[in-house]
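One structure below.
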There are 2 protein chains.
Amino acid sequence: MTKDTQKLNSIEKALEIMLKFQDIKPSWGIRELSTELGFSPATVQRILQVLKSYEFVRQNPKNRQYFIGNIFYRFLENLNSSNDLIRIGHKFMEEVASATHETVHLNIIEKNLRICIDNIESPKVLKAGMPIGNQSPLYAGASAKCLLAFSTEEFQDNYFKTTEITPVTGNTIIQPGKLFKELYKIKEQGYALSLGERTPGLGSLSAPVFNYKGQILASLSLAIPEIRLKQKDHLSNCINILTSASKSFSKAMGLGTGKF
Amino acid sequence: MTKDTQKLNSIEKALEIMLKFQDIKPSWGIRELSTELGFSPATVQRILQVLKSYEFVRQNPKNRQYFIGNIFYRFLENLNSSNDLIRIGHKFMEEVASATHETVHLNIIEKNLRICIDNIESPKVLKAGMPIGNQSPLYAGASAKCLLAFSTEEFQDNYFKTTEITPVTGNTIIQPGKLFKELYKIKEQGYALSLGERTPGLGSLSAPVFNYKGQILASLSLAIPEIRLKQKDHLSNCINILTSASKSFSKAMGLGTGKF
DNA sequence: AACACTGTTTTATGATATGAAACAGTGGGG
DNA sequence: CCCCACTGTTTCATATCATAAAACAGTGTT
């Protein structure tokens with residue numbers, strides 16, 4: 001999992017430990033982290049004490065296990081306000097939300113994963129949830145495939161070289177040939193469509209957002225329950241609204257203005 | 001701001017630097033952080049290189065300034081799923097949302113600040129936004145005052161000893177006497193109400209959530225535009241729905257069950 | 001009561017973080 | 001146009017600080 005371990009300085013060790021608290025896992029023990037990371041229990045213990053004093057982790061006083069601290073919420077406000085994508089993009093998301101009444105979300109690539117960085121939930125009773133922070137591999141679901149499809153060839157090559165493809169649901173495309181074809185198709189038609197690749201019964205529609213250089217920044221997506229996705233007129237309506245919004249969004253990010 | 005500085009080990013220095021990226025500030029320079037924290041520029045530089053390699057910060061290649069990294073989004077999924085409050089409470093939030101059609105949010109205290117950890121936005125056109133990660137001091141706004149009012153006396157004493165009260169808007173209560181009276185009133189009536197203390201034109205309604213020991217865990221709140229808050233029937237309706245939901249929520253967290 | 005687990009503290013040793021100073025770019029103003 | 005003042009970055013000898021093994025101290029189970 002982690003690199004050659006050992007030979008890391010103390011800060012790197014602390015960060016490696018913090019990264020472990022990304023996993024959806026209620027808590028970690030010291031010896032557990034120790035064997036997982038290859039650091040001695042004494043080292044893990046000492047680092048966790050420091051992280052605890054800064055509230056990056058908390059400790060259950062009963063079983064003394066460590067779990068993630070609420071301090072991470074504190075970074076979100078700055079993250080959102082320094083992020084042009086969210087600042088500029090939210091109004092396009094609102095347009096799509098009010099025109100489709102479906103859950104709208106915005107996604108980026110972070111360390112080989114799709115991650116949701118902004119959302120507007122559908123007002124309907126039957127709706128798709130897509131909380132901020134939700135993540136998935138880049139081959140499962142329209143939003144993820146859209147990000148991958150419009151990435152550079154270099155990024156794609158590197159991604160497939162370093163990633164093992166394992167199905168998330170029965171509908172996940174795992175055959176490399178079929179996946180390449182799908183990515184090609186997405187680039188051709190300018191949007192991605194998926195059904196149940198990540199969550200059974202849940203479909204997804206996604207269009208790319210580019211910067212002034214034409215590099216992909218994000219994917220703007222709709223998460224739609226299967227029942228509504230199968231209504232042809234609703235689907236084609238959603239496709240039109242979404243692709244049109246993503247084009248305006250890209251323009252707002254500088255695409256086509258020749259700005260440098 | 002920070003403690004005695006110096007005499008910190010390298011991990012603590014790295015964390016102090018990370019904390020600086022909580023501030024709503026687009027970017028930091030090395031010498032800027034150096035003078036702010038009292039570390040030598042060389043030290044700041046070296047630590048930022050490490051943080052950068054782990055994507056905790058990014059660097060603008062043009063002006064070489066550092067800004068916060070997207071990796072912080074990655075912790076949210078685990079944070080949400082390890083947090084009983086969100087797992088258990090979201091359904092109560094949905095009840096309140098569909099009964100009031102106003103923006104519902106859930107808040108906790110983290111390091112002497114109120115911080116929003118979950119939300120459901122109003123479906124109306126004129127609505128209050130309250131993104132996850134939004135923060136404010138504990139004396140401004142209903143959600144914050146509610147958290148403070150039901151905190152232990154010890155916490156309150158310590159809070160007022162270490163906090164300087166500065167107005168956020170013209171409506172913020174800054175007179176200690178008036179504030180104490182307000183906190184007492186909130187405890188008496190079981191909910192908090194505010195108008196424009198944090199954002200002009202925006203009102204707020206908040207009720208406490210307790211654990212089995214009767215300690216406050218969170219405040220469940222409504223953010224309501226001033227125009228709708230002034231409709232008496234709507235307001236009293238919202239108060240009833242919110243306080244009733246917060247009581248069910250507390251019960252779901254174990255209050256009154258005698259469970260240990 | 002003995003065992004097999006935890007998390008935690010201690011310790012001498014040697015690796016590694018440190019700040020001053022020098023270096024290397026950059027942008028603005030006279 | 002050139003200087004100056006400001007960046008971020010690298011170097012390097014010094015001494016601090018992180019390290020892992022082992023002992024310690026709790027805990028729950030058998």
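Letters A, B, ... mirror the listed sequences (proteins, then strands); counts begin at 1. Both backbone and side-chain heavy atoms feed into the values below; hydrogens, waters and symmetry mates do not.
Side-chain N/O atoms of B/Tyr66 include one lying less than 4.0 angstrom from OP1 or OP2 on D/dT9. Dashed line: the shortest gap from a side-chain N or O of A/Gln45 to OP1 or OP2 of C/dT8 is under 4.0 Å. Applying the 4.0 Å criterion to OP1 and OP2 of D/dA20, one finds that A/Thr43 has a side-chain N or O inside that range.
The side chain of B/Ala42 lies closest to C/dA20 when the candidates are C/dA17, D/dG8, C/dA20. With distances taken from any side-chain atom of B/Arg31 to the nucleotides C/dA22, C/dT8, D/dA18, the minimum falls on C/dA22. Taking only side-chain atoms of B/Lys13, from C-beta outward, the nucleotide of D/dT9, C/dG19, C/dT6 with the closest atom is C/dG19. When distances run from any side-chain atom of A/Arg64 to the nucleotides C/dT6, D/dT9, D/dC17, the shortest one goes to C/dT6. Of the candidate nucleotides C/dG19, C/dT8, D/dG8, D/dG8 has the atom nearest to the side chain of B/Ile30.
Residues B/Thr172 and B/Arg198 form no side-chain contact, since every pair of their non-hydrogen atoms from C-beta on lies 4.5 Å or further apart. Side chains of B/Phe56 and B/Ile17 form no contact here, defined as non-hydrogen atoms less than 4.5 Å apart. Looking only at side-chain heavy atoms (C-beta outward), B/Phe160 and B/Leu148 come within less than 4.5 Å of each other. B/Asn78 is not listed as a side-chain neighbour of A/Phe72, based on a closest heavy-atom distance of 4.5 Å or more.
Computed from coordinates, the B/Phe39 CZ to D/dG8 P distance equals 16 Å when rounded to whole Å. Spacing between atom CG of A/Asn9 and atom P of C/dA17 amounts to 4 Å, rounded to whole angstrom units. Between the CD1 atom of B/Ile17 and the C1' atom of C/dA17 there is a distance of 13 Å, given to the nearest Å. Going from atom CD of B/Gln49 over to atom P of C/dA17 covers 14 Å, rounded to whole Å. As rounded to whole Å, 13 Å separates atom P of D/dC17 from atom CD1 of B/Ile47. Spacing between atom CG of A/Leu48 and atom P of C/dG7 amounts to 10 Å, rounded to whole angstrom units. Whole-Å rounding puts the B/Gln65 CD to C/dG25 P distance at 19 Å. Distance, A/Lys62 NZ to C/dT6 C1': 17 Å, rounded to whole Å.
Mapping A/Lys52 and B/Ser10 onto DNA chain C by nearest heavy atom places A/Lys52 closer to the 5' end of the strand.
Residue contacts for A/Gln59: at a heavy-atom cut-off of 4.0 Å it reaches the sugar-phosphate backbone alone, with no base atom in range.
Taking 4.0 Å as the cut-off between side-chain N and carboxylate O, B/Arg74 and A/Glu110 do not count as a salt-bridged pair.
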